[in-house]
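Quick caveat, the model's predicted, so the values are computed rather than measured. A note on names: the letters A, B, ... follow the listed sequences, proteins ahead of strands, and every chain is numbered from 1.
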Amino acid sequence: MCGRYTITTPLESLRNLFDFEGNFNLGARYNVAPTQNAAVVRNAPDGGGRELVMLRWGLVPRWAKELSIGSRMINARTETVASKPSFREAYKKRRCLIPADGYFEWKKKGEIKQPYLLRRRDDAPMAFAGLWENWKVPEANAEAAGQPTGTEITTFTILTTDANETAKPTHHRMPLILEPEFFEAWLTADDPSDTDVMLAVPAVALSSVAVNRRVGSPRNDDPACIEPI
DNA sequence: CCAGACGTTGTT
DNA sequence: GTCTGG
DNA sequence: CCAGACGTTGTT
DNA sequence: GTCTGG
């Protein structure tokens, strides 16, 4: 699956890879967690190229009454995303790329959960396939959401697919990782299931290394999270 | 018809 | 055990 | 994903 | 909003 990831690649390197507009003060993130804001690349609304935006992780469907729904919508299965009521509209029109350079999986070793950091073997940044969605804060949820009624909150989810052999030792389902040659097709295809994007991906070669257990704390976002043990 | 869900993973 | 918050 | 809460009344 | 289960 993919419930935590890292993004430490500098802005200009990301710009070279993803070709987006705009300037950001992007600090290194060693432990991005659901409900936090994170950098996402999508087609600019005016139709002119791509933009980098900060969106909340955990897709809130347009019909949701509460922001907290997003906590359960952090991933979407590649196999079913086209038909699920929560995702299918976003799947048709609102796809995005999530820049990352690694992600975490946990494996139980007796009593303890040991986190592993998975990265590409070529150390290049990764692009997770994702969807984004707009949600308007309703009156009844304004207080819980911490935003005024009517505020637009934009959220995203990360697609998952079956793990390949390189994802050992955890071998959990993994994020759908796109090679650059598929970025354009993923972002713009009228029907992405018509392209080979959805099939092409888990070929990416990953390495995994056991890391410092403090990565488990959601609010912990220091470099120790990626320290091998 | 209405009510209630709407999602994912992994299971020593 | 299950849900919420980060 | 994991960690941490999981409840109520009434108010220095 | 739309689908599923009863």
Side-chain angles (χ1 to χ4, degrees), chain A residues 1-7 27 29-38 54-94 98 100-119 126 128-138 140-141 143-147 153 155-164 167-177 202 206 208 210-222 224-226:
Chain A
M1 197 178 173
C2 182
R4 301 290 182 92
Y5 67 92
T6 68
I7 175 64
R29 304 279 297 280
Y30 301 94
N31 190 3
V32 180
T35 74
Q36 293 176 339
N37 289 333
M54 297 296 289
L55 307 184
R56 180 187 170 100
W57 186 7
L59 187 147
V60 179
R62 298 189 64 81
W63 41 261
K65 295 190 174 68
E66 302 176 354
L67 180 65
S68 61
I69 299 293
S71 299
R72 283 170 282 155
M73 305 286 179
I74 66 172
N75 292 122
R77 290 178 69 99
T78 304
E79 299 89 334
T80 59
V81 65
S83 62
K84 293 290 182 186
S86 295
F87 298 133
R88 64 182 180 188
E89 292 308 312
Y91 176 72
K92 286 182 202 162
K93 298 275 174 199
R94 291 181 290 277
I98 296 94
D101 36 44
Y103 69 95
F104 297 101
E105 297 285 6
W106 281 258
K107 191 181 175 67
K108 253 192 178 171
K109 289 180 146 186
E111 293 298 294
I112 66 166
K113 285 180 178 174
Q114 177 60 55
Y116 292 82
L117 176 63
L118 291 95
R119 296 172 53 89
M126 293 187 271
F128 300 153
L131 312 174
W132 63 271
E133 185 64 275
N134 276 330
W135 182 72
K136 194 176 285 188
V137 179
N141 194 239
E143 190 174 358
Q147 296 287 335
I153 298 180
T155 60
F156 72 95
T157 191
I158 295 172
L159 272 68
T160 65
T161 190
D162 280 330
N164 63 20
K168 289 178 180 177
T170 61
H171 210 266
H172 300 300
R173 284 182 70 88
M174 58 188 280
L176 182 62
I177 301 166
L206 302 175
S208 88
V211 292
N212 196 307
R213 282 180 61 209
R214 75 180 66 183
V215 66
S217 294
R219 268 184 285 190
N220 191 310
D221 201 351
D222 69 73
C225 291
I226 62 171

Mind checking [X] for me? I need base, sugar-phosphate or nothing, with any heavy atom below 4.0 Å counting as a touch.
{"X": "A:Arg219", "result": "sugar-phosphate"}
{"X": "A:Thr80", "result": "sugar-phosphate"}
{"X": "A:Ile74", "result": "base"}
{"X": "A:Pro61", "result": "nothing"}
{"X": "A:Arg77", "result": "sugar-phosphate"}
{"X": "A:Phe87", "result": "sugar-phosphate"}
{"X": "A:Ser86", "result": "sugar-phosphate"}
{"X": "A:Arg88", "result": "sugar-phosphate"}

How far does the [atom1] atom of [N] sit from the matching atom of [M], given to the nearest Å?
{"N": "C:dC3", "M": "B:dA5", "atom1": "P", "value": "11 Å"}
{"N": "B:dC6", "M": "D:dG7", "atom1": "C1'", "value": "29 Å"}
{"N": "C:dG5", "M": "B:dA3", "atom1": "C1'", "value": "28 Å"}
{"N": "D:dC1", "M": "B:dG10", "atom1": "C1'", "value": "12 Å"}

Would you say [X]'s side chain and [Y]'s backbone share a donor-acceptor pair under 3.5 angstrom?
{"X": "A:Thr78", "Y": "A:Thr160", "result": "yes"}
{"X": "A:Thr155", "Y": "A:Val60", "result": "yes"}
{"X": "A:His172", "Y": "A:Trp106", "result": "yes"}
{"X": "A:Thr6", "Y": "A:Gly102", "result": "yes"}
{"X": "A:Trp132", "Y": "A:Ala90", "result": "no"}
{"X": "A:Asp221", "Y": "A:Tyr30", "result": "yes"}

In whole angstroms, how far is the [atom2] atom of [N] from the [atom1] atom of [X]?
{"X": "A:Lys65", "N": "B:dA3", "atom1": "NZ", "atom2": "P", "value": "13 Å"}
{"X": "A:Arg72", "N": "D:dC2", "atom1": "CZ", "atom2": "P", "value": "17 Å"}
{"X": "A:Asn31", "N": "D:dA3", "atom1": "CG", "atom2": "C1'", "value": "12 Å"}
{"X": "A:Met174", "N": "D:dC1", "atom1": "CE", "atom2": "C1'", "value": "16 Å"}

So do [Y] and [X] actually touch side chain to side chain, heavy atoms under 4.5 Å?
{"X": "A:Leu59", "Y": "A:Phe156", "value": "no"}
{"X": "A:Thr170", "Y": "A:Leu118", "value": "yes"}
{"X": "A:Asn212", "Y": "A:Cys225", "value": "no"}
{"X": "A:Gln114", "Y": "A:Lys108", "value": "no"}
{"X": "A:Arg56", "Y": "A:Thr35", "value": "yes"}

- Message: Among residues at least two apart in sequence or on other chains, which ones pass side-chain contact (heavy atoms from CB on, under 4.5 Å) with A:Ile74?
- Response: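 Here the qualifying residues are A:Met1, A:Pro34, A:Trp57.
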
- Evaluate side chain to side chain donor-acceptor pair (under 3.5 Å) for A:Arg4 paired with A:Asn31, printing each intermediate quantity in order. CA-CA 6 Å; A:Arg4 301 290 182 92; A:Asn31 190 3; 3.1 Å; yes

- Which stems, defined as runs of 3 or more consecutive Watson-Crick or G-U wobble pairs with both pairing distances under 3.5 Å, involve DNA chain E? B:1-6 with E:1-6

- Message: For A:Lys113, give me all partners under side chain to side chain donor-acceptor pair (under 3.5 Å), at least two apart in sequence or on another chain.
- Response: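 By the side chain to side chain donor-acceptor pair (under 3.5 Å) rule, A:Lys113 matches no residue at all.
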
Protein-nucleotides 4-8 of chain D N/O pairs closer than 3.5 Å?
none

Just the table, please: protein N/O against nucleotides 10-12 of chain B N/O, every pair under 3.5 Å.
unit_1	atom_1	unit_2	atom_2	d
B:dG10	OP1	A:His172	ND1	2.5
B:dG10	OP1	A:Arg173	N	3.4

- Message: Any salt bridge linking A:Arg62 with A:Glu89? Criterion: basic side-chain nitrogen under 4.0 Å from a carboxylate oxygen.
- Response: no

- Note on the structure: Note: chain A reaches DNA chain E at heavy-atom distances under 4.0 Å over the stretch, first to last nt, 5' to 3', of E:dG1 to E:dC3

